[in-house]
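Everything on this sheet refers to the single structure shown next.
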Amino acid sequence: MPDSETALTIGQVAERTGLSAHTLRFYEREGILAHAVRRDGGGRRVYTEHDVDWLTVCVILRASGMPLPAIRRYTELVTAGAGNEAERLTLMRQHRERVTSQIAQLTRSLDLINYKVGVYEDILGE
């Protein structure tokens, strides 16, 4: 069991990560957490700072559009330890390509929106 200084409740972790308690339980069931969540004597989940750090990585990956199965696979690779860095790199490179493509699409969209804003500002004399 983690010491009292690093023991965090599900509510504290939810607040720190921006995830709901429901999502934290879902991530646990889906194998997204790098380590099994410990339980206290009353059966309540007890998280550590390491769990929060890992969840922060997962939140960022998810916000960037990484699908849950890819995050789960990444978690499995990290949990397995050294020796699979090449597969981790491949996974991250593939995701980087997707994110780069999304950024390019968003930039094109923003260019059009900025053009339209300029058109309407000209019409309205702004």
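Sequence positions, counted from 1, serve as the residue numbers for this chain. Nothing here was measured: the structure is a model prediction, and the numbers come from that model.
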Look at the side-chain heavy atoms of Ile, Leu, Val, Met, Phe, Trp and Tyr, link any pair under 4.5 Å apart, and say whether [X] and [Y] land in one connected group.
{"X": "V59", "Y": "V99", "answer": "no"}
{"X": "I32", "Y": "M92", "answer": "yes"}
{"X": "I71", "Y": "F26", "answer": "yes"}
{"X": "I60", "Y": "V78", "answer": "no"}

[atom1] of [X] to [atom2] of [Y]: how many Å apart, nearest 0.5 Å?
{"X": "E28", "Y": "T23", "atom1": "CD", "atom2": "OG1", "value": "12.5 Å"}
{"X": "L110", "Y": "N114", "atom1": "CG", "atom2": "CG", "value": "4.5 Å"}
{"X": "T56", "Y": "E49", "atom1": "OG1", "atom2": "CD", "value": "9.5 Å"}
{"X": "E15", "Y": "I10", "atom1": "CD", "atom2": "CD1", "value": "13.5 Å"}

Using side-chain heavy atoms (C-beta onward) and a distance below 4.5 Å, is [X] in contact with [Y]?
{"X": "L19", "Y": "L55", "result": "yes"}
{"X": "V117", "Y": "E121", "result": "yes"}
{"X": "R44", "Y": "R39", "result": "no"}
{"X": "L91", "Y": "M66", "result": "yes"}
{"X": "R62", "Y": "Y27", "result": "yes"}
{"X": "R16", "Y": "Y47", "result": "no"}
{"X": "D51", "Y": "L8", "result": "no"}

**OP:** Kindly assign one of parallel, tilted or perpendicular to the pair H35 and H50, based on the angle between their ring planes and the thresholds 30° and 60°.
**Re:**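 The arrangement is tilted - the two ring planes meet at 30° to 60°.
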**OP:** Determine, step by step, whether R72 and E30 satisfy the side chain to side chain contact (heavy atoms under 4.5 Å, CB included) criterion, reporting the C-alpha distance in whole Å, the side-chain angles of both residues, the deciding distance to 0.1 Å, and the verdict.
**Re:** CA-CA 7 Å; R72 182 182 314 110; E30 290 297 309; 2.6 Å; yes
Subject >> E76, CD: over 12 other non-hydrogen atoms inside 6.0 angstrom >> reply: yes
**OP:** Could you please spell out the steps behind the side chain to side chain contact (heavy atoms under 4.5 Å, CB included) verdict for Y115 and V119?
**Re:** CA-CA 6 Å; Y115 171 77; V119 168; 3.7 Å; yes
Between [X] and [Y], is there a donor-acceptor pair closer than 3.5 Å when you use the side chain of the first and the backbone of the second?
{"X": "E85", "Y": "G83", "value": "yes"}
{"X": "N84", "Y": "E87", "value": "no"}
{"X": "T6", "Y": "T48", "value": "no"}
{"X": "T90", "Y": "A86", "value": "yes"}
{"X": "Q12", "Y": "T9", "value": "yes"}

**OP:** Under the side chain to side chain donor-acceptor pair (under 3.5 Å) rule, what do H95 and R98 come out as? Steps first, then yes or no, please.
**Re:** CA-CA 5 Å; H95 186 60; R98 285 190 299 271; 3.3 Å; yes
Original post:
Between V37 and V46, which heavy-atom pair has the shortest distance, and what is it?
Top reply: CG1-O, 3.7 Å
Subject >> Shortest non-hydrogen contact from A14 toward A21 >> reply: CB-N, 4.1 Å
